[in-house]
S.K.: 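Below is one structure. I have some questions about it.
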Amino acid sequence: MRAIARVDVGLLILRLAGLYLALAHGLEKVTGLSTGQSRFPERVAALGFPAPELFAWAAALSEFGGGLLIAVGLFTRWAALFAAFTMFVAGFVRHRALGHFLSWIGIAPVSEKVLEAWDDPETALVYLLAFVALALVGPGRLSIDARRAHR
């Protein structure tokens, strides 16, 4: 495999994180919101967002639609930026990644009960890093974006 081909395969594999985000996280949110069976707007409101229904839909569509776009490599940089922003909010606002880190290194310790309530920010941070990388580097040649650029 040529070096450039390895890079493109690597970017394709990285983009598959978008598919997992869409199916494992976004689909459930979109389905719940569309049927009115979701508590997600309440959780968004608890974070202090105005218009929680609107922001819940924005986050759900960013995860589901953005994840699918990233996976197929269509409007990849834009989709990755939206998904990265959503993951930033999830990691640092909802799951309090900075608080976890400061507690872990002993600067601002909190109880295990508080850490449990904050939940684990790891998944959101991994998605955040993957999507920032894709926004910066692009989707590679094995993408719809690359096909569209050659027209």
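Note that this is a predicted model, so its numbers are computed, not measured. Both backbone and side-chain heavy atoms feed into the values below; hydrogens, waters and symmetry mates do not.
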S.K.: V9 vs I13, test: side-chain contact (heavy atoms from CB on, under 4.5 Å). Steps then yes/no.
M.R.: CA-CA 6 Å; V9 171; I13 291 168; 4.0 Å; yes
S.K.: Please tell me if the side chains of F101 and I107 come closer than 4.5 Å, counting only heavy atoms from C-beta onward.
M.R.: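 A side-chain contact is absent here, since even the closest heavy-atom pair is not under 4.5 Å.
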S.K.: Can you tell me how far the CD atom of E63 sits from the OG1 atom of T86, to the nearest 0.5 Å?
M.R.: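 Separation between the atoms: 6.5 Å.
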S.K.: For the pair Y127 and H25, name the ring-plane relationship: parallel under 30°, tilted 30 to 60°, perpendicular over 60°.
M.R.: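 Answer is perpendicular, since the angle exceeds 60°.
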S.K.: Quick check on the hydrophobic clustering: are L27 and V44 connected, directly or via other members, by side-chain heavy-atom contacts under 4.5 Å?
M.R.: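 Result: yes, single cluster for both.
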S.K.: Of all residues at least two apart in sequence or in a different chain, which pass the salt bridge (charged side-chain N to carboxylate O under 4.0 Å, His left out) check with R147?
M.R.: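 Partners of R147 by the salt bridge (charged side-chain N to carboxylate O under 4.0 Å, His left out) criterion come out as none, since no residue qualifies.
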S.K.: Tell me the closest heavy-atom pair linking V132 and A84, and the distance in Å.
M.R.: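 Scanning both residues completely, I find the closest heavy atoms to be CG2-CB, 4.0 Å.
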S.K.: Quick check for you: to the nearest 0.5 Å, what is the distance between L33 atom CG and E28 atom CD?
M.R.: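 With rounding to 0.5 Å, CG (L33) is 10.0 Å from CD (E28).
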S.K.: Ignoring hydrogens and geometry, is there a side-chain-to-backbone donor-acceptor pair from R96 to L115 under 3.5 Å?
M.R.: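 Checking the backbone N and O of L115 against the side chain of R96, no donor-acceptor pair under 3.5 Å is found.
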S.K.: Between M87 and V126, is there shared hydrophobic-cluster membership here, with clusters defined by ILVMFWY side-chain heavy atoms closer than 4.5 Å?
M.R.: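 Each belongs to a different hydrophobic cluster.
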S.K.: Is the shortest heavy-atom distance from the side chain of W57 to the side chain of S62 under 4.5 Å?
M.R.: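 The answer is no; the side chains never approach within 4.5 Å.
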S.K.: With hydrophobic residues grouped by side-chain heavy-atom distances under 4.5 Å, do L47 and F55 end up in a single group?
M.R.: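 Yes; tracing contacts between hydrophobic side chains, which count when under 4.5 Å, links both residues.
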S.K.: Could you measure the distance from the CG atom of L69 to the CG atom of L19? Nearest 0.5 Å is fine.
M.R.: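 Those atoms lie 12.0 Å apart.
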S.K.: How close do G18 and A71 get, counting heavy atoms only, and between which atoms?
M.R.: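 So the minimum-distance heavy-atom pair works out to C-CB, 4.4 Å.
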S.K.: If you round to the nearest 0.5 Å, how far is CH2 of W118 from CG of L98?
M.R.: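 L98 CG to W118 CH2: 8.5 Å, rounded to 0.5 Å.
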S.K.: May I ask whether L129 and F88 are part of the same hydrophobic cluster, defined by side-chain heavy atoms of I, L, V, M, F, W, Y residues being less than 4.5 angstrom apart, directly or through others?
M.R.: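 No, it is not one cluster - the side chains of L129 and F88 are not joined through contacts under 4.5 Å.
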S.K.: Quick one: closest heavy-atom pair of A130 and L14, and the distance?
M.R.: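 The answer is CB-CD1, 3.7 Å.
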S.K.: Let me see the working for L61 and F82 under side-chain contact (heavy atoms from CB on, under 4.5 Å), right down to the final yes or no.
M.R.: CA-CA 10 Å; L61 292 174; F82 280 103; over 6 Å; no
S.K.: Only counting residues at least two apart or in another chain, list the ones meeting side chain to side chain donor-acceptor pair (under 3.5 Å) with E42.
M.R.: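 Testing E42 for side chain to side chain donor-acceptor pair (under 3.5 Å), a comparison that skips the adjacent residues, returns R39.
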S.K.: Which pair of non-hydrogen atoms, one from A79 and one from G66, has the smallest distance, and what is that distance?
M.R.: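 Minimum heavy-atom contact is CB-O, 3.8 Å.
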S.K.: Just do the side-chain contact (heavy atoms from CB on, under 4.5 Å) check on L74 and D145 with the steps written out, would you?
M.R.: CA-CA 5 Å; L74 179 62; D145 286 339; 4.0 Å; yes
S.K.: Could you see if L68 belongs to whatever hydrophobic cluster contains F85? Use Ile, Leu, Val, Met, Phe, Trp, Tyr and a side-chain cutoff under 4.5 Å.
M.R.: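 Shared cluster, yes.
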S.K.: Is there a side-chain contact between V89 and R94 in this structure, where contact means two heavy atoms from C-beta onward sitting under 4.5 Å apart?
M.R.: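 Not in contact.
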S.K.: Any idea which heavy atoms bring A146 and G140 closest together, and the distance?
M.R.: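 Answer, listing the atom of A146 first, then G140: CB-O, 3.5 Å.
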S.K.: Considering only heavy atoms from C-beta outward, does the side chain of V72 approach that of R15 to under 4.5 Å?
M.R.: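 V72 does not reach R15 side chain to side chain.
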S.K.: Using 0.5 Å steps for rounding, measure from the CZ atom of F64 to the CG atom of L21.
M.R.: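 Reported value, rounded in 0.5 Å steps: 10.5 Å.
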S.K.: How long is the gap from NE2 on H95 to OG1 on T123, to the nearest 0.5 Å?
M.R.: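 Between atom NE2 of H95 and atom OG1 of T123 there are 7.5 Å.
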S.K.: For D8 and R141, indicate whether the former's side chain and the latter's backbone hold a donor-acceptor pair under 3.5 Å.
M.R.: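 Yes; judged by distance alone, with no hydrogens or angles, the pair exists.
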S.K.: Identify the residue among L134, I144, T76 that makes a side chain to side chain contact (heavy atoms under 4.5 Å, CB included) with P139.
M.R.: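 The residue from L134, I144, T76 that satisfies side chain to side chain contact (heavy atoms under 4.5 Å, CB included) with P139 turns out to be T76.
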S.K.: Give me the atom names and distance for the closest heavy-atom approach of G91 to P121.
M.R.: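 Minimum heavy-atom contact is O-CB, 3.8 Å.
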S.K.: Keeping the roles fixed (side chain from S103, backbone from H100), state whether a donor-acceptor pair exists under 3.5 Å.
M.R.: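 Flag not set: sc S103 to bb H100 has no pair under 3.5 Å.
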S.K.: Please identify each residue that fulfils ring pair (Phe, Tyr, Trp, His ring centres under 6.0 Å) with F40, with sequence neighbours left out.
M.R.: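 Once residues adjacent in sequence are excluded, F40 has no partner under the ring pair (Phe, Tyr, Trp, His ring centres under 6.0 Å) criterion.
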